[in-house]
Number of protein chains: 2
Amino acid sequence: MPDSEGHPDFDELELGAVLTALADPIRRQVVAVLAGEPDGTERPCSSFGLPLTKSTLTYHFRLLRESGLVRQVNRGNSRMAQLRRADLEARFPGLLALVVAETQQAGKGAPSVAGNTARAPH
Amino acid sequence: MPDSEGHPDFDELELGAVLTALADPIRRQVVAVLAGEPDGTERPCSSFGLPLTKSTLTYHFRLLRESGLVRQVNRGNSRMAQLRRADLEARFPGLLALVVAETQQAGKGAPSVAGNTARAPH
DNA sequence: AGGAAGGTATGATGCAAGTCGTACCTTCGT
DNA sequence: ACGAAGGTACGACTTGCATCATACCTTCCT
């Protein structure tokens, strides 16, 4: 399985897919964290402290990758994710800023993973 | 049932709700059409030529209203929708432009849902 | 070599989203 | 007064989304 599997090309970026990906609070938080770090920063999926199982993480990062929000690269053991900042800024200017602004504004208390998809565990 | 039912206040606008609303292509199209008209334009739900039943239309416009994207006001017979342009631009700058850009880029052929149901004030 | 760590694949499950049909309510125009 | 037009409310149904558990595969580190 090649490395660049599932990464849409720049001119294949679709607003619908990006908005769908960003509609989920978990994925929005991942994007916000990545956007808040210096450009080119790479982080493994497991480094976000999300209260989810590994398989659910894989699911979310697959959506982030296939929508074009992040690029994933195999670095030995783990699979690093980095924000496709330049592509996104060129294609959807201002969008990342909105996601960042949300977390900065809501980050007064300690929301950790706040979301509108509250759901009781089974 | 009062008129302003279900309209979030300006400082209640949430990015999550807005992105969720815009994740659906139908609703994105409605927003794009409204955004492409002069500010303050009012249109009834039925004037968008969407291939949906009345009840489904009500459903979509309810989401648009409750997320804060449009304001709905009773004008006699019908319920006019207008884009909350200033609020959205102040709160989520650049977001509307992204939605408009999508349709302009894809809309080389025919906008299909452009309809002229401009209304004279009473 | 063998285990731990990081990810993926697949199947199952529960809930939400989008759609429709029907019934019902207003308002407008005859 | 009556019907047509525009919307809403509610129930039913289908599909997709988010989640987990389990099993499996790599790569690193003793």
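Just so it is clear, the values below take in all heavy atoms, side chains as well, and ignore hydrogens, waters and symmetry mates. Residue numbers start from 1 in every chain, and the chains themselves are labelled A, B, ... in the order their sequence lines are given, proteins ahead of strands.
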- [ ] With sequence neighbours left out, write down each residue that passes salt bridge (charged side-chain N to carboxylate O under 4.0 Å, His left out) with B:Asp24, or none if nothing qualifies.
- [x] none
Open item on the list: With a 4.0 Å limit, can you tell me whether A:Arg79 has a side-chain N or O closer than that to the phosphate oxygens OP1/OP2 of C:dT8?
Closed with: yes
Strictly under 3.5 Å: I want the nitrogen or oxygen pairs between protein and nucleotides 11-13 of chain D, one per line.
none

Task: Set of side chain to side chain contact (heavy atoms under 4.5 Å, CB included) partners for B:Ser55, sequence neighbours left out - done: B:Thr53
- [ ] Note down the inter-axis angle between the two ends of the helix from C:dA1-D:dT30 to C:dT30-D:dA1, five pairs each, to the nearest 10°.
- [x] 20°
Open item on the list: Please give the remaining members of the hydrophobic cluster of A:Val100, linking ILVMFWY side chains under 4.5 Å, ordered by chain and number.
Closed with: none
Open item on the list: Does B:Thr58 reach a base, just sugar-phosphate, or nothing at all? Heavy atoms under 4.0 Å.
Closed with: base
Open item on the list: What is the separation between atom CD on B:Glu66 and atom C1' on D:dT8, rounded to the nearest whole Å?
Closed with: 13 Å
Task: Spacing of A:Leu64 atom CG relative to D:dA18 atom P, expressed in whole Å - done: 11 Å
Which atom pairs, donor and acceptor, lie under 3.5 Å between side-chain atoms of residues 10-23 of chain A and protein residues at least two apart or in another chain?
residue, atom, partner, partner atom, Å
A:Glu12, OE1, A:Asp9, N, 2.9
A:Thr20, OG1, A:Gly16, O, 2.8

- [ ] Quick one: list whatever passes ring pair (Phe, Tyr, Trp, His ring centres under 6.0 Å) with B:Phe92, sequence neighbours left out.
- [x] none
Task: Linked hydrophobic residues, A:Tyr59 as query - side chain contacts closer than 4.5 Å - done: A:Leu63
- [ ] Name all residues meeting the side-chain hydrogen bond (donor to acceptor under 3.5 Å, both in side chains) criterion together with A:Arg91; count only those two or more places apart in sequence or in a different chain, and write none if there are none.
- [x] none
Task: By side-chain hydrogen bond (donor to acceptor under 3.5 Å, both in side chains) - contacts of B:Arg28 (at least two apart) - done: B:Glu102
TODO: Looking only at non-hydrogen atoms, find the nearest pair between A:Thr103 and A:Ala32 and report the distance.
DONE: CG2-CB, 3.5 Å
- [ ] Sorted by first residue and then second, give each salt bridge (Lys or Arg N to Asp or Glu O under 4.0 Å) pair with at least one member in residues 34-55 of chain A; sequence neighbours left out.
- [x] A:Glu37-A:Arg43, A:Asp39-A:Arg85, A:Glu42-A:Arg75
Task: Letter per nucleotide, 5' to 3', of nucleotides 18-30 of chain C [B base touched, S only sugar-phosphate touched, - untouched; heavy atoms, 4.0 Å] - done: BBBB-----BS--
